[in-house]
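First up is the structure itself, then whatever we jot down about it.
None of the values given here were measured: they were computed from a predicted structure. All residue numbers in this chain count up from 1 along the given sequence.
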Amino acid sequence: MLNMEIIRTILEDYDIIVEEAYNGQEAVTIMAASQPGYYDLILMDIMMPVMNGLEATRKIRQLSREDCQRIPII
C-alpha cells in the first residue's frame, strides 16, 4: 500500500491519471472491463494478494484483445 501511494503521488505530479487495483484479480477484472486502448501502461506488483502479479499478467495477456497483447506491463 505504501509503494502504491508513493508512485501514485509521483505520477500525479506529472498530471498522469492513476487508477489502482488492490490485488491481482482486481487488476485483471479492471482491464477486462475497460474499453480497448483505455490504458497506456500497467505497473504490476509481483507480490499482490488474491492473485500474484505474474499470474495477473498472464491472465491479462490471455484476454482476446489486441491492446492486452501489447500494453507495457512493468
Side-chain angles (χ1 to χ4, degrees):
M1 295 296 285
L2 179 59
N3 288 340
M4 191 182 324
E5 184 177 334
I6 291 167
I7 195 66
R8 178 178 16 91
T9 300
I10 292 169
L11 293 173
E12 288 177 343
D13 283 347
Y14 289 93
D15 295 325
I16 296 171
I17 299 169
V18 176
E19 295 183 11
E20 299 166 336
Y22 295 95
N23 64 64
Q25 181 59 56
E26 187 177 348
V28 173
T29 301
I30 290 170
M31 187 64 186
S34 70
Q35 294 294 317
Y38 179 77
Y39 293 107
D40 295 315
L41 171 72
I42 298 173
L43 296 176
M44 186 74 73
D45 185 347
I46 292 174
M47 299 175 56
M48 290 192 293
V50 181
M51 178 188 296
N52 70 49
L54 296 174
E55 182 63 23
T57 297
R58 281 191 283 275
K59 298 262 186 202
I60 290 170
R61 294 288 188 225
Q62 291 171 355
L63 295 172
S64 59
R65 291 180 12 198
E66 180 190 338
D67 64 326
C68 293
Q69 309 308 308
R70 60 178 170 75
I71 188 169
I73 301 176
I74 300 169

request  = Just do the side chain to side chain contact (heavy atoms under 4.5 Å, CB included) check on S34 and R65 with the steps written out, would you?
outcome  = CA-CA 11 Å; S34 70; R65 291 180 12 198; 3.3 Å; yes
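E12 is linked by a side-chain contact (heavy atoms from CB on, under 4.5 Å) to R8, V18, counting only residues two or more places apart in sequence or in another chain. Taking the side-chain contact (heavy atoms from CB on, under 4.5 Å) definition, one finds that N52 meets it with L54, E55, sequence neighbours left out. Applying the salt bridge (charged side-chain N to carboxylate O under 4.0 Å, His left out) rule to R61 yields no partners; only residues at least two apart in sequence or on another chain are considered. Here E5 pairs with nothing under the salt bridge (charged side-chain N to carboxylate O under 4.0 Å, His left out) rule; sequence neighbours left out.
Contact record, Y39 with I30: OH-CG2, 3.2 Å, taken as the closest heavy-atom pair. Heavy-atom minimum distance, A56 versus G24: CB-O, 3.7 Å. The two residues G37 and D67 make their nearest non-hydrogen contact at N-OD2, 2.9 Å.
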Please list, one pair per line, the donor and acceptor atoms closer than 3.5 Å that link side chains of residues 40-50 to other protein atoms, with sequence neighbours excluded.
residue: D45; atom: OD1; partner: M47; partner atom: N; Å: 3.0

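P36 places none of its side-chain heavy atoms less than 4.5 Å from the side chain of E66.
Within the 3.5 Å criterion, the main-chain N or O of Q62 finds no donor-acceptor partner in the side chain of Q69.
In the hydrophobic clustering of ILVMFWY residues, with side-chain heavy atoms under 4.5 Å counting as a link, I7 and Y14 come out together.
Under the 4.5 angstrom side-chain criterion for Ile, Leu, Val, Met, Phe, Trp and Tyr, the cluster partners of Y22 are M1, M4.
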